[in-house]
Amino acid sequence: MYEFSSIDSTQTFIKNKLLENDIDEGTIALTDHQSAGKGTQGRTWFSLPKPQLMFSMLLNVPIPPQKLPLLNLVSAVVLADVLSEFGIVIGIKWPNDIYIGSKKVAGILSELVVHDKNPYVIQGLGINMEAESSDFPEDLRNKMTTLSQHAKSKIDRFELLENFLIRLEMCLFEDHLANLIRFTQEGFQKYWMYRGQEIEIQVANQILRGVANEIDANGSLVLCTNFSQDLRKIVSGTILTAASIDKPAKNA
Ligand code: BTN
């Protein structure tokens, strides 16, 4: 394990180490602050003033390439399980966000890197532990939250990390892939924040509307579209809204 008080990005660090053949599978890089934290879709991951839980891991899990998106969701479910034990009600926003209520508390970034003809996944997690909402830039204040704002007692970030890693390892090195898939699908059902609600999802340049209540064995979101009873499997997309969350109540 590499530990930093500050670095540009733990994702970049792990990737460089991999390209230099200077790293073993399972290596973790952990930092308190990042100056160029990476988020999904080319976004940046904001670094808060106090140390948060931010780390990246090099994974080389023997699963078929079409199932790699499942790795994001396995970690999301494991993290949701661990956080739920602190009495916090957690929601998963497919494919990589962890929410408390309507605000995001953690994000997961999984990047596929092929090196020496072998596929690796560099997976990074950013978990907001402690901050005032004024510590976030204005545009994030209403969108992001921290564990400290919801937990009844202080959560030790190293204990949280240890708990997460022990459980993740148990899941990933399950002898039977079917068990990993079942764990993830059941966990998704438990934590999916838009269960039974209509969502809008952007897939390439199309916006689809429908209800999704499950993921398939590859981690794709199974969307039942509104106007037909068609089931669409979404491999990659961005959820824009859930109608019942974003619309004001009728008598408001
Ligand atoms: C997201 O956009 O929600 C994913 C955020 C992932 C952030 C983490 S913080 C540790 C690791 N290093 C990075 O540069 N990004 C990930």
Side-chain angles (χ1 to χ4, degrees), residues 1-19 23 26-59 68-80 82-83 90-113 120-131 135-137 139-147 155 157-158 160-162 164-165 168 188 191-194 201-202 219 221 236-240:
M1 161 123 58
Y2 292 89
E3 277 188 66
F4 302 95
S5 68
S6 183
I7 192 174
D8 52 354
S9 156
T10 53
Q11 289 290 112
T12 310
F13 174 82
I14 294 275
K15 186 172 179 183
N16 290 340
K17 284 277 181 200
L18 176 64
L19 300 180
I23 193 167
T27 299
I28 295 169
L30 172 70
T31 191
D32 293 345
H33 301 282
Q34 292 185 129
S35 54
K38 292 168 75 178
T40 52
Q41 298 172 345
R43 289 192 278 250
T44 52
W45 182 254
F46 180 73
S47 198
L48 287 156
K50 286 192 187 151
Q52 310 297 319
L53 184 51
M54 293 184 282
F55 61 98
S56 298
M57 316 172 272
L58 181 67
L59 304 176
L68 287 173
L70 206 58
L71 293 182
N72 235 359
L73 290 156
V74 176
S75 290
V77 171
V78 170
L79 184 59
V82 171
L83 294 178
I90 294 294
I92 291 179
K93 183 174 174 188
W94 181 91
N96 59 277
D97 293 339
I98 303 291
Y99 271 67
I100 301 176
S102 59
K103 293 185 179 176
K104 177 163 162 172
V105 71
I108 303 171
L109 171 67
S110 294
E111 297 180 289
L112 177 67
V113 180
Y120 294 89
V121 170
I122 302 174
Q123 187 175 86
L125 280 86
I127 304 166
N128 297 337
M129 299 296 302
E130 206 181 332
D135 290 332
F136 287 102
D139 58 324
L140 294 182
R141 252 169 235 172
N142 292 327
K143 296 182 183 158
M144 305 290 278
T145 190
T146 62
L147 293 177
I155 301 178
R157 61 197 176 112
F158 296 105
L160 174 60
L161 175 65
E162 193 183 350
F164 170 81
L165 292 175
L168 183 69
F188 179 81
Y191 296 114
W192 168 230
M193 59 187 281
Y194 297 133
I201 180 164
Q202 175 145 16
L221 190 69
S236 132
T238 307
I239 294 170
L240 303 175

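We're numbering straight along the sequence, starting at 1. In listed order, ligands and their atoms are each counted from 1. Note that this is a predicted model, so its numbers are computed, not measured.
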Notebook entry, point to check: Measuring from each atom of ligand 1, which residues have a heavy atom under 4.0 Å away?
Noted result: S9, T10, Q11, Q34, G37, K38, G39, T40, W45, M54, F55, S56, N96, D97, K104, G107, I108, L109, G124, L125, G126

Check: Taking all atoms of both residues into account, what is the closest heavy-atom pair of M54 and Q34, and its distance?
Finding: SD-NE2, 3.6 Å

Next item on the list: Considering non-hydrogen atoms only, spot the tightest contact between I127 and L147 and give its length.
Entry: CG2-CD1, 3.8 Å

Margin query: Give me the atom names and distance for the closest heavy-atom approach of L18 to I23.
Written below: CA-CG2, 3.5 Å

Notebook entry, point to check: Does a donor on one side chain and an acceptor on the other come within less than 3.5 Å for S110 and Q123?
Noted result: yes

Next item on the list: Could you give me the CA-CA distance, side-chain angles and deciding distance for L161 and M1, then say whether side chain to side chain contact (heavy atoms under 4.5 Å, CB included) is met?
Entry: CA-CA 12 Å; L161 175 65; M1 161 123 58; 4.3 Å; yes

Check: Strictly by modelled atom types, are S56 and Q11 linked by a side-chain donor-acceptor pair under 3.5 Å?
Finding: yes

